[in-house]
Each structure stands twice: as C-alpha cells, then as structure tokens.
2 protein chains.
Amino acid sequence: MEHYIDKLKHSGLKLTPRRQAIIALFIERKSHLTPEKVWEYLKKKFSRCGLPGVYRNLESLVECGILTRIQQFDSKKHYSLCSIGYGHDHHHFICRKCNKVEEVDFCNFKVISRFIEDNLHAKVEAHQFQIQGLCSKCK
Amino acid sequence: MEHYIDKLKHSGLKLTPRRQAIIALFIERKSHLTPEKVWEYLKKKFSRCGLPGVYRNLESLVECGILTRIQQFDSKKHYSLCSIGYGHDHHHFICRKCNKVEEVDFCNFKVISRFIEDNLHAKVEAHQFQIQGLCSKCK
DNA sequence: TACTAAATAGAAAATATTTCTATTTAAGAG
DNA sequence: CTCTTAAATAGAAATATTTTCTATTTAGTA
C-alpha cells in the first residue's frame, strides 16, 4: 500500500480517501474490475459517491502507473493493478473464472519485435500481451 | 474474397449483399474499424441500413472466423480481418497512425506458456498479442 | 489556520450497444 | 423457375456506458 501511495504523491496526485479505497479494493480482489464494479463497492463505504468520479480516478490511477487497462471484449472498461506502469509493455495472465490478474515477469519480445521490423518493415513502439486461462486455484 | 465466402458458407451463414460489402470494405481498408465506421460506409451503398444490423453482422463474421476483435482503449468495438480465426491465438501489428492491421506470422508463445504454467501454476488457454507502432508507410 | 489547485457529487448530455417486432431475403427443395 | 423456411434485415426503442459541466468540498502546503 505504501508503495502505491508513493506513486500517487510522486505524480502530484492527492491522496484522497476515495483513491485509497480504490487501491485497497484492487489489492484485496486481485482481479480486474469495471468502473461500475468499483462504484458498487465505493457506494458501500461512502454515502455520497458518483460514478463520474470513479471514471476519473481510475484514469488518473492509470496515468500514475498504479492501474492498467485490461482488455476484455464486453464493451466495458476493465482495470487492474499493474507494477509495470503506463506506456510500458504489459504482460498479464487473466483467469477466465475468477478474473484474477497476475503479472508475467517474462518476455521474449525482442525476438518478435525484431521479426516484425524485419518482415513488415514497421517501427514497433509498444505491445500488450494478454494470456487467458485458469489460475492455480480455479483450474 | 472467394476464401471469405467459403468461410461464410461453411459456417451456415448466408451470403448477403451486406456481408459481402462489409468484407470488401475490410479488404480495401486493411485497417480495423468500429461498427460506426462500417455503418457510415454501408449507408452510402444501401439506402436502408441499420446500425443494429452492422453490430450483428460484425459479430457473426467474428464467429465464422473472418473478422477478429481488435483491442483499443477507446470504449468502442474494433474489428479487423483475421485469417487465424475465432478462439485461436491472435498476433497483430497495428499502425497507430493509419490503423492498418497486419498479422504477425511468428510466435514463440510455447516458451512463455511454459514459463507461466511453471511459475503461476496456471492453465493457459489462449492469448492475444498486439503490437503497436508505425507501419512501413507511416514511419 | 488560510490558501489554492485538485477532487468531488450529481445532473445532464453524449455516446455506444442491445433488444424487440414486423418485414424481407437467401438458398435449398421440388 | 417457384415455393418454402430459416436467417437476415430495418427501424424504433430501450438499455448501458462514458463524458461533460458546474458548483462545492477537500488535501496538501505555506
């Protein structure tokens, strides 16, 4: 938690109760969450709580490198904790049952990047790598 | 084009003018497109044309393996042609300038898959790999 | 404690997607 | 070629999702 608070302050963002609660929620759940899900949780903790604020907070937490956007194919936004940070390459394993997101600390992207630059003559700038399956508990 | 028509028929889907036009559009543009963009194009070709139909067609073209969903972070759905097919692993290079989508015929996923199964003790089922950058023309 | 920029709620608007029903059409059978 | 039927369609409407806006409140600092 300290780690995340440092990231917040380092980005010049204020440490508000709302943000602390959001970070705590993600730490507790370990899964990716939609703005709506986050809102459901926050409404229980804060009597006054707007969905627009949730959207804004999630985006600012992405920008300061605490959260990352997770791609699902359901027309909703999804976020999860991410130590790698905004603008960098992301590698996530996502459990299709419990939605737990685990970071994959391995990437042989250089090889693929080289392949692409050689074969497509393109300039590679970023990549996202998502792996789906069942986590150790769900399988 | 023949290739795509075969795929359609093979899936028991009808070859309608709408679908032919959608496939032709994707072949011509080479880029990923949102339902809205596809609709804009179809409206020029068909006097009567509904957006719900576009949504349905795009989804059925995904299911028969002609299109794939492309992940962008803008709250819209994105589709592109894809020879790999539904449920299989996808590897795309996407130009951030012209939105051209190129398939990457290279994958050392087995190594990463093995790494994940060994380290996270998870069962890997699918993966998507997206690479962003500038294509040969745009760079 | 006072100040200031940032964060907030809530209403409203804008955007995106899905559902529904009646009508039309593609494709196979005869 | 015509008939039949299941699939595809339009368009209206509903729903869902996200963003914008304004006034108010608050965190962090001096």
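Labels below follow one simple rule: chain letters A, B, ... track the order of the sequence lines, proteins then strands, and each chain is numbered from 1.
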*Asks:* Answer yes or no: is there a side-chain heavy-atom contact under 4.5 Å between A/Ile131 and A/Ile94?
*Replies:*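 SC-SC contact between A/Ile131 and A/Ile94 ruled out.
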*Asks:* Considering only side-chain heavy atoms of B/Lys77, which listed nucleotide, C/dT17, D/dA27, D/dA8, is closest?
*Replies:*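 Looking only at heavy atoms from C-beta outward on B/Lys77, the closest nucleotide is C/dT17.
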*Asks:* Taking only N and O in the side chain of B/Thr16, is any of them less than 4.0 Å away from OP1 or OP2 of D/dT9?
*Replies:*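 True: B/Thr16 side-chain N/O within range (under 4.0 Å) of D/dT9 OP1/OP2.
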*Asks:* How long is the line joining CD of B/Glu63 and P of D/dA7, in whole Å?
*Replies:*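 My rounded result for the distance is 13 Å.
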*Asks:* Taking for each residue the nucleotide of DNA chain C bearing the nearest heavy atom, is the 5' side occupied by B/Thr34 or by A/Ser60?
*Replies:*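 Looking at the nearest nucleotide for each, A/Ser60 comes out on the 5' side.
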*Asks:* Could you identify which residues of residues 45-55 of chain A place a heavy atom less than 4.0 Å from some atom of DNA chain D, listed by residue number, or say none?
*Replies:*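 Under 4.0 Å from DNA chain D: A/Leu51, A/Pro52, A/Tyr55.
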*Asks:* Return the set of residues passing side-chain hydrogen bond (donor to acceptor under 3.5 Å, both in side chains) with B/Glu59 (not counting sequence neighbours), or none when no residue passes.
*Replies:*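 B/Glu59 satisfies side-chain hydrogen bond (donor to acceptor under 3.5 Å, both in side chains) with B/Arg69, B/Tyr79 only.
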*Asks:* Any side-chain heavy atom of A/Leu58 sitting closer than 4.5 Å to one from A/Leu67?
*Replies:*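 Result yes, sub-4.5 Å side-chain heavy-atom pair found.
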*Asks:* Nearest whole Å is fine: how far is C/dA5 P from A/Lys9 NZ?
*Replies:*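 Result: 20 Å.
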*Asks:* On DNA chain C, check which nucleotide each of A/Ser75 and A/Asn57 is closest to and give me the residue with the more 5' one.
*Replies:*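 First, find each residue's nearest nucleotide; the 5'-ward one identifies A/Asn57.
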*Asks:* Side chains of A/Gln132 and A/Cys95: closer than 4.5 Å at any heavy-atom pair?
*Replies:*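 No. Closest side-chain heavy atoms not under 4.5 Å.
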*Asks:* Round to a whole Å and report the spacing from CG of B/Asp74 to P of D/dT17.
*Replies:*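 Computing the B/Asp74:CG to D/dT17:P distance gives 16 Å.
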*Asks:* Could you tell me how far apart A/Gln20 (CD) and D/dA27 (C1') are, to the nearest whole angstrom?
*Replies:*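 Roughly 11 Å, once rounded to whole Å.
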*Asks:* With the side chain of B/Lys14 defined as its heavy atoms from C-beta on, choose the nearest nucleotide among C/dA27, C/dA7, D/dT19.
*Replies:*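 That would be C/dA27.
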*Asks:* Please examine the side chains of B/Met1 and B/Gln20, heavy atoms only from C-beta on, and report whether any two atoms are closer than 4.5 Å.
*Replies:*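 B/Gln20 reaches B/Met1 side chain to side chain.
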*Asks:* Atom CZ of A/Arg19 to atom C1' of D/dG28: distance rounded to whole Å?
*Replies:*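 Going from CZ in A/Arg19 over to C1' in D/dG28 covers 13 Å.
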*Asks:* Just N and O in the side chain of A/Arg56: are any of them under 4.0 Å from OP1 or OP2 of D/dT19?
*Replies:*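 No, outside the criterion.
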*Asks:* Donor-acceptor pairs under 3.5 Å, side chain of residues 26-39 of chain B to any protein atom, not counting sequence neighbours: which ones?
*Replies:*
unit_1	atom_1	unit_2	atom_2	d
B/His32	ND1	B/His78	ND1	3.0
B/His32	NE2	B/Asn99	OD1	3.4
B/Thr34	OG1	B/Lys37	N	3.2
B/Trp39	NE1	B/Cys49	O	3.0

*Asks:* Atom CG of B/Leu13 to atom C1' of C/dT25: distance rounded to whole Å?
*Replies:*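 In whole Å, C/dT25 C1' lies 15 Å from B/Leu13 CG.
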*Asks:* Report the distance from atom CD of B/Glu59 to atom P of D/dA7, rounded to the nearest whole Å.
*Replies:*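 My rounded result for the distance is 18 Å.
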*Asks:* Between A/Lys123 and A/Glu117, does a salt bridge (charged side-chain N to carboxylate O under 4.0 Å, His left out) hold up when you go through it step by step?
*Replies:* CA-CA 6 Å; A/Lys123 184 170 178 292; A/Glu117 302 202 332; over 6 Å; no
*Asks:* Rounded to whole angstroms, how far apart are CG on B/Leu58 and C1' on D/dT9?
*Replies:*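 The answer, rounded to whole Å, is 15 Å.
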*Asks:* So what does B/Lys76 hit on the nucleic acid, given a heavy-atom distance under 4.0 Å: a base, only sugar-phosphate, or nothing?
*Replies:*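 Sugar-phosphate only.
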